[in-house]
Amino acid sequence: PSTGLMSWEFDEHCLIASEVNAKIAHWIANWGDCFPFTLQDEDGTIYSNVYYASNKLSITYVNSTQANIKTGLVQLS
């Protein structure tokens, strides 16, 4: 769909340290939910004006080398 509010929920499991670090760096670079960015989905569709849906990033460490991250995103028109 190309109209209305678009949103995504990601519940990623068993991410390794480099993946967690990349996601944290992206979160910090956008000051959490303050600044927009571009998202490309698995079909190659590009969405602009995307924000984190919350000012919190939920990280749960499974062990010393893996973590789970929950992220919500919204596209504002």
I need the [X] [atom1] to [Y] [atom2] distance, nearest 0.5 Å.
X   : Y   : atom1 : atom2 : value
M6  : L76 : CE    : CG    : 12.0 Å
I28 : N21 : CD1   : CG    : 9.5 Å
N68 : C14 : CG    : SG    : 6.0 Å
T65 : I16 : OG1   : CD1   : 9.0 Å

In short, side-chain hydrogen bond (donor to acceptor under 3.5 Å, both in side chains) pairs touching residues 48-62 with sequence neighbours left out are H26-Y52
For a 4.5 angstrom cut-off between non-hydrogen side-chain atoms, does [X] reach [Y]?
X   : Y   : answer
I59 : I24 : yes
I46 : T38 : yes
Y47 : Q40 : no

Does the side-chain contact (heavy atoms from CB on, under 4.5 Å) test come out yes or no for L39 and W8, once each step is laid out?
CA-CA 10 Å; L39 173 72; W8 300 265; 3.8 Å; yes
Taken in chain and number order and not counting sequence neighbours, the residues that satisfy salt bridge (Lys or Arg N to Asp or Glu O under 4.0 Å) with E12 are K23
Step by step, work out the side-chain contact (heavy atoms from CB on, under 4.5 Å) result for I69 and W27.
CA-CA 12 Å; I69 296 182; W27 172 264; over 6 Å; no
In short, salt bridge (Lys or Arg N to Asp or Glu O under 4.0 Å) pairs touching residues 29-55 with sequence neighbours left out are none
The complete set of salt bridge (Lys or Arg N to Asp or Glu O under 4.0 Å) pairs with one or both residues in residues 59-70, sequence neighbours excluded, reads none
Heavy atoms of N30 and P36 approach each other most closely as OD1-O, 3.7 Å
Cluster membership besides W31, Ile/Leu/Val/Met/Phe/Trp/Tyr side chains within less than 4.5 angstrom, sorted by chain and number, is F35
